[in-house]
Amino acid sequence: MATPGVGAACLAPSAAAAPRRRAADPARACSARPRLSLVRRRCVAELSREGPASPPLRSPAQQLAPPVVPGFLAPAPQAPPTLPDAGVGDLGPELMLEGIVEDSVDRTVIVASEQDSEIIDAKEQFPAKVTRSIVFVTGEAAPYAKSGGLGDVCGSLPIALAARGHRVMVVMPRYLNGSSDKNYAKAFYTGKHIKIPCFGGSHEVTFFHEYRDSVDWVFVDHPSYHRPGSLYGDNFGAFGDNQFRYTLLCYAACEAPLILELGGYIYGQNCMFVVNDWHASLVPVLLASKYRPYGVYRDSRSTLVIHNLAHQGVEPANTYPDLGLPPEWYGALEWVFPEWARRHALDKGEAVNFLKGAVVTADRIVTVSQGYSWEVTTAEGGQGLNELLSSRKSVLNGIVNGIDINDWNPTTDKCLPYHYSVDDLSGKAKCKAELQKELGLPVREDVPLIGFIGRLDYQKGIDLIKMAIPDLMREDIQFVMLGSGDPIFEGWMRSTESSYKEKFRGWVGFSVPVSHRITAGCDILLMPSRFEPCGLNQLYAMQYGTIPVVHATGGLRDTVETFNPFGKKGEEGTGWAFSPLTVDKMLWALRTATSTYREHKPSWEGLMKRGMSKDHTWDHAAEQYEQIFEWAFVDQPYVM
């Protein structure tokens, strides 16, 4: 008879049941016995490969049964099921329980393969202290899927934490749109699938897994992730079912640590969930409403990372029943638009807000810079959540993102024609000359070359650049822009290039190699963003000895120190941060920078070297995240 699998959905808790057992510590288990894995009747270590013949099974009394982990289910039955003495495989009649249902298993046995023994030997030779089990939940992560800075962070921070000894899993959708299919070529099917009760039905998702850079990359697969276009929309706008797509992601992320045996062991309940932006914001709500009431994940914590508060996952209030949450939890997601933002006089403005749900249920909240952690508590930068975030200021922190020095390093960058370092800057002048040749600009070392890289939209301050260009073009400078976005600004870039052929170049679109060459070849990088939660381009610029001129907001203010030739210890600063955001202030900062470039070469070289000497690595950011995690585990869960 088919029996339910051992995992999150197989047993419900009961007051008469035995005390909860935590998942075995992987490091301790590896040193004490061969690594064990659950397999089906075919006795293979993984469904994607055939393992060596398994050794004879030990007696049932000697078998190590995996921990029974209750999931979020309906209230416990009066007679709780128990594991029989015969072993894991004979669990008795199939349990008829509501909630997430894991795929049935005909018979479960325990084997230890020869390959496992080899891995154990390696672990003994190179012992690693696993300090925490960390589960990242995100809508994107490089190199698999990326649309912006969120993908960079979730593609790099987990690797940095894993390198510091943590066990790290990243859960994200398996996007298949034709061009991205090859990114998942090395991910294998885990053999696990679950059914999620939401949106008026039971929706089945499956799990794929790739182990890379000491991180478990878990991909949630569902037909809603298989469509042409970008990650979140197409030429006609955002996908209409994004709420459904990321509800599935959040449910699957809560189940993954309980049912996926990655490397032979589940992650278990003692996890730190790191939820990123609105796409993953339902996770803390699920932990509080559908797991902890039944004794599951009581030892877990959650940290909300806000990359951009402007995107909150707001949908009509009548979609709340589709989420599968208890009715009494509506207040956690309840959102009411102010009158001026409503469509008509009869519109009550009622909605559900995913990000708000995480703000009121997560144990800790992190923004991607110290400055942004303050801005989100103000009426100007809080996007309507400023009062809620202010009420949680005691657990609100800011950590500046890092950069991947394997990709962004002027000494090894494969996109550059010449390499250079803080000790030998000669290659940068050669990169500038090559960039001028590539763009068809006059090759002049004495002319300051100003660059801009980013989206062409209102947030990035393109309108200010547009107003300033006539004044800038009267001066002896060169200007290059790379980006795409608003068609009006794209057309303006093309027309400006035709008007100032000797001074201006506009590259409509985006190219990673070109962005590297512009970052290395320019003398100045301009970033007049209206708001910038962190910003990465200014970090890339300083790493490459290019001087940033930025609007003093968010992460730009935190990372760019305005040049001061009369500091206490001599010259100080790594660029120019101007405020307020006006054309006159931006022109003043640019003219100060260009005059310093022409007339004070030693000072300019000092600016370059100070920027290149800064520690912008992810290891530095990972150390700060560890402190946040420690604080979260000191306190009880914010919502039990």
Does the structure place the NZ or CZ of [X] under 6.0 Å from the centre of the six-membered ring of [Y], at an angle of no more than 45° from the ring's axis?
X: Lys146; Y: Tyr144; result: no
X: Arg164; Y: Tyr625; result: no
X: Arg245; Y: Phe239; result: no

Close side-chain approach of [X] to [Y], heavy-atom, < 4.5 Å:
X: Glu140; Y: Cys154; result: no
X: Asp558; Y: Tyr372; result: no
X: Trp278; Y: Val314; result: no
X: Phe510; Y: Ser515; result: yes
X: Phe563; Y: Glu571; result: yes
X: Thr546; Y: Lys428; result: yes
X: Ser529; Y: Leu556; result: yes
X: Arg212; Y: Ile159; result: yes

Result block: side-chain N/O donor-acceptor pairs under 3.5 angstrom for residues 446-456, not counting sequence neighbours:
from, atom 1, to, atom 2, distance (Å)
Asp446, OD2, Arg444, NH2, 3.1
Arg455, NE, Asp457, OD2, 2.9
Arg455, NH2, Asp457, OD2, 3.4
Arg455, NH2, Gln459, OE1, 2.9

After noting the C-alpha distance and the side-chain angles of Trp408 and Thr519, does the key distance pass the side chain to side chain contact (heavy atoms under 4.5 Å, CB included) rule?
CA-CA 10 Å; Trp408 292 91; Thr519 302; 3.9 Å; yes
Check whether [X] reaches the backbone of [Y] with its side chain - one donor and one acceptor, N or O, closer than 3.5 Å.
X: Lys601; Y: Tyr597; value: yes
X: Thr303; Y: Val274; value: no
X: Gln538; Y: Cys534; value: yes
X: Asp404; Y: Ser156; value: no
X: Ser369; Y: Pro533; value: yes
X: Asn276; Y: Val137; value: yes
X: Ser373; Y: Thr367; value: no
X: Glu315; Y: Val352; value: no
X: Glu497; Y: Gly506; value: yes
X: Trp618; Y: Gly402; value: yes

Which of Leu388, Asn353, Leu304 passes side chain to side chain contact (heavy atoms under 4.5 Å, CB included) with Val360? It is Leu388
Matching residue for Phe273 among Val171, Asp363, Val135 - test: side chain to side chain contact (heavy atoms under 4.5 Å, CB included)
Val135
With rounding to the nearest 0.5 Å, note down the distance linking [atom1] in [X] to [atom2] in [Y].
X: Asp277; Y: Leu309; atom1: CG; atom2: CG; result: 9.0 Å
X: Glu572; Y: Leu607; atom1: CD; atom2: CG; result: 11.5 Å
X: Thr411; Y: Gln543; atom1: OG1; atom2: CD; result: 8.5 Å
X: Thr617; Y: Glu623; atom1: OG1; atom2: CD; result: 9.5 Å
X: Asp523; Y: Lys432; atom1: CG; atom2: NZ; result: 3.5 Å
X: Thr559; Y: Leu536; atom1: OG1; atom2: CG; result: 9.5 Å

Determine, step by step, whether Asp347 and Phe337 satisfy the side chain to side chain contact (heavy atoms under 4.5 Å, CB included) criterion, reporting the C-alpha distance in whole Å, the side-chain angles of both residues, the deciding distance to 0.1 Å, and the verdict.
CA-CA 10 Å; Asp347 185 359; Phe337 282 101; over 6 Å; no
Could you list the residues that satisfy salt bridge (Lys or Arg N to Asp or Glu O under 4.0 Å) with Lys614, not counting sequence neighbours?
none
Within 6.0 angstrom of [X] [atom1], more than 12 heavy atoms from elsewhere:
X: Lys348; atom1: NZ; answer: no
X: Asn235; atom1: CG; answer: no
X: Ile405; atom1: CD1; answer: no

According to the interplanar angle, ranging from 0 to 90°, do the rings of His551 and Phe578 count as parallel (below 30°), tilted (30 to 60°) or perpendicular (above 60°)?
tilted
How are the rings of Tyr420 and Tyr544 set to each other: parallel, tilted or perpendicular (split at 30° and 60°)?
perpendicular
Without hydrogens or angle criteria, can the side chains of Asp424 and Ser426 be said to hold a donor-acceptor pair below 3.5 Å?
yes
Could you pull out the closest heavy-atom pair between [X] and [Y], with the gap in Å?
X: Ala589; Y: Trp576; result: CB-CB, 4.4 Å
X: Asn177; Y: Gly229; result: ND2-O, 3.1 Å
X: Ala622; Y: Ala160; result: CB-CB, 4.0 Å
X: Leu425; Y: Met608; result: CD1-CE, 3.9 Å
X: Cys415; Y: Pro513; result: SG-CA, 3.7 Å
X: Arg474; Y: Pro470; result: CG-O, 3.4 Å

Tell me, with the steps shown, if Phe629 and His166 meet ring pair (Phe, Tyr, Trp, His ring centres under 6.0 Å).
CA-CA 12 Å; Phe629 300 159; His166 300 276; 7.2 Å; no
Check this for me, if you would: do [X] and [Y] make a salt bridge, where the nitrogen-to-carboxylate-oxygen distance has to be below 4.0 angstrom?
X: Glu630; Y: Arg364; answer: no
X: Asp486; Y: Lys460; answer: no
X: Arg591; Y: Glu475; answer: yes

Distance-only criterion, 3.5 Å: show the donor-acceptor pairs between side-chain atoms of residues 377-387 and protein atoms not counting sequence neighbours.
from, atom 1, to, atom 2, distance (Å)
Thr377, OG1, Trp374, O, 2.6
Thr378, OG1, Glu375, O, 2.6
Thr378, OG1, Gly381, N, 3.1

Going through the checks in order, is the side chain to side chain contact (heavy atoms under 4.5 Å, CB included) test met by Phe479 and Met481?
CA-CA 7 Å; Phe479 204 111; Met481 297 182 67; 3.3 Å; yes
Side chain to side chain contact (heavy atoms under 4.5 Å, CB included) between Asp152 and Asn401, intermediate numbers included
CA-CA 9 Å; Asp152 287 323; Asn401 290 334; over 6 Å; no
